[in-house]
**Q** 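A single structure is presented below for examination.
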Amino acid sequence: MGKRIAKEVSIAIAEAVKQCKVDVIAAYPITPQTHIVEHLSELVASGELDAEYVTVESEHSAMSACLGSVATGARTFTSTSAQGLALMHEILFIAPALRLPVVMVVANRALSAPISIWNDHSDIMAERDIGWIQTFAENGQEAVDLVYHAFRVAEDRRVMFPFIVNIDGFNLSHMIEPIELPDQELVDQYLPPFKPKYKLDPRKPISMGPVGIPEIYIEAKKAQDEAFKNAYKVVVKAWDEFERIFGRRYNPVETYRMEDAEVALLIMGSLAETAMTAVDKMREAGKKVGLVRIRLWRPFPLKDFVKAVKGVKMLAVIDRALSIGATGGPVAVEARSALYQVPGRPRVVNFIAGLGGRDVTVEDFEEMADKAYFYMKKKPKEPYEMIGVKE
Amino acid sequence: MPITKEKDLLATYAENTWCPGCGNFGLLAAVKKVLKEFREKNELHRLVMVSGIGCHAKIVDYVPVNSFYSIHGRVLPVAWGIKLAHPELTVIGHAGDGDAYGEGLAHLIFAAKRNTDLTFIVHNNSVYGLTTGQFTPTSPKGFKGRSTPKGSPETPINPIELLLASGATFVARGYVGKLEHLANLIREAIRHRGFAFIDVLQPCYTFFNTYEFYNQHVKEISPEHDSRDFSAAMELALKWSYSFEAEEIPIGIFYQTEKPVYEDAVIVPEKKVDLGEHFRHYHL
């Protein structure tokens with residue numbers, strides 16, 4: 001196995017992408033993603049990575065160039081954040097519908113306005129329904145591991161869907177952490193070459209992206225939806241295989257100290273590690289608090305999720321994005337919907353925390369758990385509340 | 001006699017966060033010279049500034065005027081909307097070279113095509129400064145930035161040539177190292193009725209320091225140049241192609257002409273227009 005070396009997470013991600021032997025990278029600079037693609041440009045320039053690096057004129061062009069590239073059968077990567085992801089929006093829907101498996105790392109950042117370069121999940125939650133497989137990393141090692149996994153799953157012929165690996169901007173992208181990059185042979189063993197069934201090939205001409213008239217549009221979408229649901233099995237199998245080769249285990253839903261928990265915190269992304277510290281403290285104080293993390297956000301792992309929160313009285317969902325005018329943050333709305341048909345389901349309270357880079361501390365998590373206990377006795381007045389707002 | 005600094009009546013409470021030596025300071029000083037005249041006539045409130053995303057955009061924080069801090073690439077559509085709704089306002093757009101010639105390039109061509117009465121100042125440092133030093137549409141060929149370690153393989157855009165070809169009615173180039181000259185260009189651009197475009201050469205002291213190069217090569221356009229002569233303007237525009245091989249880099253007004261402005265063409269008519277012929281032709 002490779003050595004654990006202290007590296008900036010963005011640099012480690014770029015190294016992992018190199019190990020995946022990508023053919024094309026098309027990207028536009030945007031904070032806090034930039035270091036990932038900058039390092040890839042260095043790897044291409046130095047000859048360490050045999051790939052084309054395209055400095056396009058916008059993220060809209062970046063994603064368009066990626067689709068063109070992957071359509072010809074080239075392994076393709078890009079990365080972006082916030083406004084850049086939003087600018088890609090219309091192309092993002094096209095990739096999965098055409099079954100074009102681009103892999104993208106999104107360094108999550110708040111959307112304007114006000115202008116913010118700092119972390120929350122408002123960028124990715126606005127792209128919740130685009131039909132890409134989406135995972136969330138919690139630390140540098142996970143971020144790297146999820147990149148290998150993303151290529152493996154996306155390009156699997158049973159899947160053929162684009163894949164987003166979410167990492168928290170700055171909180172993760174700019175951290176220096178001990179990270180183990182596996183040996184190249186193991187990566188090669190895990191990730192076979194990309195061989196799509198259909199590609200743009202002058203010897204076998206096909207047409208990609210034609211019109212879907214009303215007589216066939218809904219059938220095309222049904223086929224896409226079914227195929228996407230089926231991707232779940234491949235996602236999990238690829239993690240089984242990952243454990244076998246690299247020795248680290250990943251699950252669609254991860255749990256921490258959930259045995260006999262009455263209150264569970266639920267969060268996605270890097271703040272989960274802070275939440276773990278809070279859970280440890282509360283357990284020491286005799287409170288039965290556990291933590292649930294959703295790693296696989298799309299396709300949503302309904303059964304794993306229901307199983308993870310079984311027996312819990314109060315589920316406190318902590319959203320890192322607002323869904324203004326809705327009945328809660330995007331994750332809470334998903335959780336409530338998932339649990340509605342479940343007999344003896346936990347009650348769900350929702351907190352919005354850490355918007356636009358605001359720190360969420362161990363104490364904040366303790367406060368949220370305490371509030372969840374309080375709301376067991378007294379129903380909250382509002383369906384969600386924001387934490388840490390200055391009066 | 002003690003030396004006292006004149007109080008800057010155009011200062012704001014915002015702390016300036018540009019790097020020491022940034023070319024934006026020169027541009028800000030030139031803009032302030034013009035704003036001072038607005039202030040003296042008590043007309044500062046009739047002016048609106050729009051900026052994009054990048055180091056340039058902070059300029060709206062440093063002057064006491066109404067402003068709209070827009071998103072990357074979209075300065076012109078926002079400025080255009082303001083001007084159409086309130087044609088009596090003076091609207092100045094600020095953009096970086098990434099903003100204006102990258103993501104927002106289509107808007108630039110359409111602004112020239114439509115000839116809306118706007119002033120558009122491009123803070124052109126040929127590098128993405130805020131994201132710390134990558135190649136932009138005006139970086140010279142071979143530019144070794146953080147995303148192009150081997151050197152950019154592309155030929156830069158020549159915005160003067162582009163704007164002339166797009167039908168702009170006021171095309172100029174300035175340099176932040178020639179303060180009075182630049183202030184005068186801005187003054188003339190505002191006075192011009194129609195779309196006035198100024199490409200301002202601006203070193204990025206941190207990521208692309210071009211002071212020495214520009215100081216050596218920048219040369220004011222001779223008074224003999226006839227700025228109404230399109231061919232002469234184009235010839236002058238092609239003298240320098242934003243490379244690092246230059247005999248001289250002309251600065252000043254390349255071209256100026258009069259054309260109908262967009263807002264006059266779309267003004268709501270006082271009398272109802274007869275669309276009978278249109279309906280007969282297009283409606284079943």
Side-chain angles (χ1 to χ4, degrees), chain A residues 10-11 14 25-64 78-89 107 109-117 123 169-170 173-174, chain B residues 14 17 51-58 60-61 67-74 78 95-109 126-139 141-157 159 162 207:
Chain A
S10 291
I11 303 296
I25 302 136
Y28 191 78
I30 185 164
T31 307
Q33 160 281 132
T34 312
H35 288 185
I36 299 173
V37 295
E38 264 179 9
H39 189 54
L40 281 166
S41 78
E42 288 163 359
L43 294 169
V44 173
S46 67
E48 285 177 69
L49 172 60
D50 180 17
E52 299 293 330
Y53 184 94
V54 195
T55 47
V56 285
E57 66 282 5
S58 76
E59 289 86 356
H60 194 277
S61 311
M63 187 44 65
S64 301
T78 188
S79 182
T80 193
S81 294
Q83 306 304 126
L85 186 66
L87 188 59
M88 286 179 177
H89 183 71
R109 159 183 154 182
L111 282 172
S112 295
I115 297 169
S116 167
I117 58 167
D123 57 356
F170 292 112
S173 64
H174 286 53
Chain B
T17 55
S51 71
I53 295 288
C55 295
H56 82 273
K58 297 175 187 172
V60 299
D61 290 341
S67 65
F68 192 114
Y69 209 130
S70 73
I71 61 170
H72 193 58
R74 316 300 161 192
V78 174
D97 43 315
D99 249 288
Y101 310 140
E103 281 202 10
L105 184 63
H107 306 310
L108 182 57
I109 292 169
S126 299
V127 73
Y128 291 118
L130 201 63
T131 51
T132 69
Q134 298 83 14
F135 136 102
T136 76
T138 49
S139 301
K141 190 172 179 173
F143 172 76
K144 288 187 178 168
R146 290 176 87 157
S147 62
T148 50
K150 258 200 304 195
S152 154
E154 295 177 29
T155 308
I157 282 178
L162 176 73
F207 297 107

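These figures come from a predicted structure and were not determined experimentally. In the text below, chain A, chain B and the rest are named by the order of the sequence lines, each starting its count at 1.
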**Q** Which of parallel (below 30°), tilted (30 to 60°) and perpendicular (above 60°) describes Y28(A) and H72(B)?
**A**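 Tilted.
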
**Q** Roughly how far, to the nearest 0.5 Å, is CD1 of I71(B) from CD of Q83(A)?
**A**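 If we round to the nearest 0.5 Å, Q83(A):CD and I71(B):CD1 are 6.0 Å apart.
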
**Q** Enumerate by number any residue of residues 29-36 of chain A whose heavy atoms lie under 4.5 Å from heavy atoms of chain B; in the absence of such residues, state 'none'.
**A**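 Interface residues of residues 29-36 of chain A: P29(A), I30(A), T31(A), T34(A).
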
**Q** Heavy atoms, side chains only, cut-off 4.5 Å: are E103(B) and H60(A) in contact?
**A**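 Not in contact.
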
**Q** Examine whether an atom of T132(B) lies under 4.5 Å from a heavy atom of chain A, and if so say whether it belongs to the side chain, the backbone or both; otherwise answer neither.
**A**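 Both the backbone and the side chain of T132(B) come within 4.5 Å of chain A.
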
**Q** With the side chain counted from C-beta on, respond yes when Q134(B) and T55(A) share a heavy-atom pair under 4.5 Å apart, and no when they do not.
**A**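 With C-beta onward as the side chain, the pair stays apart.
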
**Q** Measure distances from L87(A) to the heavy atoms of chain B and classify the residue's part below 4.5 Å as side chain, backbone, both or neither.
**A**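 Contact with chain B involves the side chain of L87(A) alone.
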
**Q** Contact part of E38(A) toward chain B, heavy-atom cut-off under 4.5 Å: side chain, backbone, both or neither?
**A**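 Backbone plus side chain of E38(A), per the 4.5 Å heavy-atom cut-off to chain B.
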
**Q** In this structure, are over 12 heavy atoms from other groups packed under 6.0 Å from E48(A) atom CD?
**A**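 For E48(A), atom CD is crowded (more than 12 foreign heavy atoms under 6.0 Å).
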
**Q** Short question: side chain of S41(A), backbone of R146(B) - any donor-acceptor pair under 3.5 Å?
**A**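 Yes, because the side chain of S41(A) sits within donor-acceptor range (under 3.5 Å) of the backbone of R146(B).
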
**Q** Contact part of I53(B) toward chain A, heavy-atom cut-off under 4.5 Å: side chain, backbone, both or neither?
**A**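 Just its side chain gets close to chain A.
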
**Q** State the CD-OG1 distance between E42(A) and T148(B), to the nearest 0.5 angstrom.
**A**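 Rounded to the nearest 0.5 Å, the CD-OG1 separation comes out at 10.5 Å.
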
